[in-house]
Amino acid sequence: MNRVFCLVDCDCFYVSAERLFDPTLIGVPVVALSNSDGCVVSRCPIAKSKDPRTGELGIKMGAPFFEIKHFMKSHGLRVVSSNYALYQEVSNRVMRVLETFAPRIEVYSIDESWLDFSGVQGDLEKLGREIQAAVKKQVGIGVGVGFGPTKTLAKAANFSAKKWRAQTGGVVVLMDEIRRDKLLAWMPVDEIWGIGRQLSKRLEAMGVKKAIDLQRYDRKSLRKLFNVNVEKTSMELEGVSCYALSEGAEPKQTIASTRSFGERITELQGLREAVTTYASRACVKLRSEGQLSSCLQVFIQTSRFDEKPYSRTAICALVTPSNDTREFVAAALEGLSKIFVPGYRYAKAGIILSQFVSGEGYQPDLFAPERRRNSETLMKVMDGINARYGRGSIRIATEPPIAQWAMKRDYLSDSFVTDWHQLKRVKMT
DNA sequence: TCTGGGGTCCTAGGACCC
DNA sequence: TCTGGGGTCCTAGGACCC
């Protein structure tokens with residue numbers, strides 16, 4: 001059967017989502033910032049590639065906010081802090097539309113999905129335009145669509161659809177070899193899905209500069225020099241499918257809650273508060289996944305750019321798998337006490353949970369210490385109260401109600417779709 | 001002054017076993 | 001002087017992705 005993968009991804013997703021609810025953001029340069037308003041993670045086209053004739057600003061992906069802040073005054077740049085609750089809801093709406101087109105779909109990230117059209121007869125380009133139109137009409141978001149016989153080629157198709165937006169209308173079908181190789185002969189190796197900064201540097205040094213060079217390179221050597229994934233990528237560029245569509249989310253293997261602080265922390269007390277907060281959040285995620293964990297890592301670090309850097313991780317094993325916030329907070333605080341050294345300006349801390357077993361039907365070890373009584377009931381009550389009255393309504397006492405070190409979100413939009421009190425109002429006149 | 005967060009997978013190398 | 005070999009498992013670290 002003819003395999004056909006289709007990649008649909010949203011145009012500058014965070015910015016587009018914000019524009020849905022704030023029309024004043026339309027037609028002006030806009031970027032969305034990462035957590036803590038640290039750096040740029042989404043840019044509209046006017047903010048993106050540099051072109052003085054059209055007034056484009058040339059803001060790079062990942063640019064630190066403080067370096068581009070001056071554009072707000074000089075060029076009317078608008079910025080928004082990340083509002084993940086909003087983006088997740090808009091994402092769900094997009095995915096629901098996509099599901100109506102394909103029998104099998106893999107939600108790949110918050111703003112992209114793989115669709116499987118293997119065996120489908122007919123005009124793929126027309127299909128792509130129908131998908132575009134449907135998402136635009138039903139959700140209000142623009143998307144790019146790429147078709148190919150492998151995931152890597154569908155990605156490449158999607159890339160060229162965006163690169164030559166005006167000519168392609170945002171839809172590219174890359175099913176025949178001549179068209180495929182023409183694009184790959186042009187495409188720089190670092191634009192290939194799966195080839196990042198380090199790999200492309202090494203490849204270029206070997207003379208592998210374009211995607212076509214990687215496609216034609218000796219596969220055995222690729223595996224030897226790099227790893228099996230580079231070999232697979234090379235095969236995928238030739239139309240041999242190595243990465244399948246995976247439906248239904250696999251259970252997570254790790255759960256993390258990590259944040260940079262709004263301001264540096266120097267005292268142990270502040271770190272205890274932060275670590276308690278993150279451990280609590282990680283446990284909420286853990287319970288919502290129906291899992292138990294038996295390993296917690298806690299880390300604290302200064303800024304990467306600090307002249308006096310420090311970074312340590314403590315690993316704490318639990319005797320018995322658990323999802324009880326109290327146990328993880330206790331373990332995290334104990335770990336913290338082992339790695340905390342005074343005299344540093346801490347910028348970030350985090351918790352990572354791992355080594356999961358399914359909570360369903362879990363049989364504790366015969367010799368394991370008895371779990372805390374009523375643990376399950378208590379956690380259920382905690383989650384219930386917090387779901388109903390808001391996060392932190394009930395919490396471990398080391399977690400402060402309002403944290404002094406909380407992350408900066410100076411340009412946060414309202415919770416238009418997740419809070420009754422912040423719904424948009426429409427005035428009829 | 002100010003530089004994100006949350007994931008996955010692969011590999012090298014050490015520990016350990018027979 | 002001479003001091004095995006091969007397999008498995010685990011983990012830290014590095015690479016990638018969005």
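In what follows, chains are A, B, ... by sequence order, proteins preceding strands, each numbered from 1.
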Item to check | From A:Thr258 atom OG1 to A:Ile351 atom CD1, the distance as rounded to the nearest 0.5 Å | outcome: 10.0 Å
Checklist entry - Under 4.0 angstrom, heavy atoms only, what part of the nucleic acid is A:Ile351 near: base, sugar-phosphate, or nothing? => result nothing
Item to check | Of the listed nucleotides B:dG5, B:dT3, C:dC17, the one nearest the side chain of A:Ser303 | outcome: B:dT3
Checklist entry - For the pair made of CG in A:Asp410 and P in B:dG4, what is the distance, rounded to whole Å? => result 15 Å
Checklist entry - Quick one: are the ring centres of A:Tyr310 and A:Phe340 less than 6.0 Å apart? => result no
Checklist entry - Taking CZ from A:Arg264 and P from B:dT1, how many angstroms apart are they, rounded to a whole number? => result 11 Å
Checklist entry - To the nearest Å, how far apart are A:Ile352 CD1 and B:dG4 P? => result 16 Å
Next on the checklist: Side chain of A:Phe66, heavy atoms from C-beta onward: which of C:dC16, B:dC2, B:dG5 has the nearest atom to it?
Outcome noted: B:dC2
Next on the checklist: Taking 4.0 Å as the cut-off, does a side-chain nitrogen or oxygen of A:Ser36 come that near to OP1 or OP2 on B:dT3?
Outcome noted: no
Checklist entry - Does A:Asn35 or A:Glu250 map to a spot on DNA chain B nearer the 5' end, using the closest nucleotide for each? => result A:Asn35
Next on the checklist: Students often get this wrong, so: under 4.0 angstrom with heavy atoms, is A:Asp9 touching a base, only sugar-phosphate, or nothing?
Outcome noted: nothing
Next on the checklist: Taking 4.0 Å as the cut-off, does a side-chain nitrogen or oxygen of A:Lys348 come that near to OP1 or OP2 on B:dG5?
Outcome noted: yes
Checklist entry - Which listed nucleotide (B:dT11, C:dA15, B:dG4) is nearest to the side chain of A:Gln198? => result C:dA15
Item to check | Contact nearer the 5' end of DNA chain B, comparing A:Arg304 with A:Lys252 | outcome: A:Arg304
Item to check | Separation of B:dA12 P from A:Lys224 NZ (nearest whole Å) | outcome: 12 Å
Checklist entry - Can you tell me how far SG of A:Cys6 sits from CG of A:Asn158, rounded to the nearest 0.5 angstrom? => result 8.5 Å
Item to check | Nucleotide B:dT8, atom P - distance to CD of A:Gln355 in whole Å | outcome: 14 Å
Checklist entry - Roughly how many Å is it from CZ in A:Phe226 to C1' in B:dA12, rounded to a whole number? => result 17 Å
Next on the checklist: Whether A:Glu247 and A:Arg104 form a salt bridge (side-chain N of Lys/Arg under 4.0 Å from carboxylate O of Asp/Glu) is what I want to check.
Outcome noted: yes
Checklist entry - Among B:dG6, B:dC9, C:dC18, which nucleotide sits nearest the side chain of A:Ala256? => result B:dG6
Checklist entry - Is there a side-chain polar atom (N or O) of A:Lys155 under 4.0 Å from OP1 or OP2 of C:dC18? => result yes
Checklist outcome for this item: note: A:Leu353, atom CG; B:dG6, atom P; distance rounded to Å ~ 12 Å
Checklist entry - Are the aromatic ring centres of A:Phe65 and A:Tyr411 under 6.0 angstrom apart? => result yes
Item to check | Touch class at under 4.0 angstrom, heavy-atom based, for A:Ile110 against every strand present | outcome: nothing
Checklist entry - With sugar-phosphate meaning primed atoms plus P, OP1 and OP2, does A:Arg345 contact a base, only sugar-phosphate, or nothing at under 4.0 Å between heavy atoms? => result sugar-phosphate
Item to check | Side-chain donor or acceptor of A:Asp37 paired with backbone N/O of A:Asp410 under 3.5 Å | outcome: yes
Checklist entry - What nucleotide among B:dC9, C:dC18, B:dT11 has an atom nearest to a side-chain atom of A:Tyr108? => result C:dC18
Next on the checklist: Could you tell me if A:Thr302 and A:Arg345 have a donor-acceptor pair between their side chains, going purely by distance under 3.5 Å?
Outcome noted: no
Checklist outcome for this item: Rounded to whole Å, the CZ-C1' distance (A:Phe261 to B:dT1) equals 17 Å
Next on the checklist: Counting only side-chain heavy atoms from C-beta out, which of B:dG7, C:dA15, B:dC10 sits nearest to A:Leu199?
Outcome noted: C:dA15
Checklist entry - Which nucleotide in the set C:dC17, B:dC9, B:dG6 lies at the smallest distance from any side-chain heavy atom of A:Lys285? => result B:dG6
Item to check | Nucleotide nearest A:Asp111 (side chain, heavy atoms from C-beta), chosen from C:dC16, C:dA12, C:dC18 | outcome: C:dC18
Item to check | Test: A:Asp11 and A:Arg165 ion pair at under 4.0 Å | outcome: yes
Next on the checklist: What contact category does A:Asp37 fall into here, base, sugar-phosphate, or nothing, at under 4.0 angstrom with non-hydrogen atoms?
Outcome noted: nothing
Next on the checklist: Using a 4.0 Å heavy-atom cut-off, does A:Arg223 contact any base of the nucleic acid, only the sugar-phosphate backbone, or nothing at all?
Outcome noted: nothing
Checklist entry - When we call it a touch if two heavy atoms are under 4.0 Å apart, what does A:Gln253 touch: a base, just sugar-phosphate, or nothing? => result sugar-phosphate
Next on the checklist: Among B:dT8, B:dG6, B:dT11, which nucleotide has an atom closest to any side-chain atom of A:Arg259?
Outcome noted: B:dG6
Next on the checklist: Taking only the P atom of each, what is the distance from C:dC18 to B:dT3 in whole angstrom?
Outcome noted: 25 Å
Item to check | Side-chain N or O of A:Ser257 closer than 4.0 Å to phosphate OP1/OP2 of B:dG5 | outcome: no
Checklist entry - Is A:Phe305 stacked on the base of B:dT3 when the test is centres under 5.5 angstrom and planes under 30 degrees? => result yes
Next on the checklist: Mind checking if A:Ser82 touches a base, just sugar-phosphate, or nothing, with heavy atoms under 4.0 Å?
Outcome noted: nothing
Item to check | Sugar-phosphate only, base, or nothing, as touched by A:Leu33 at under 4.0 Å among non-hydrogen atoms | outcome: nothing
Next on the checklist: Looking at B:dC18, which nucleotide sits across from it as a Watson-Crick or G-U wobble partner, both distances under 3.5 angstrom, or is there none?
Outcome noted: C:dG5
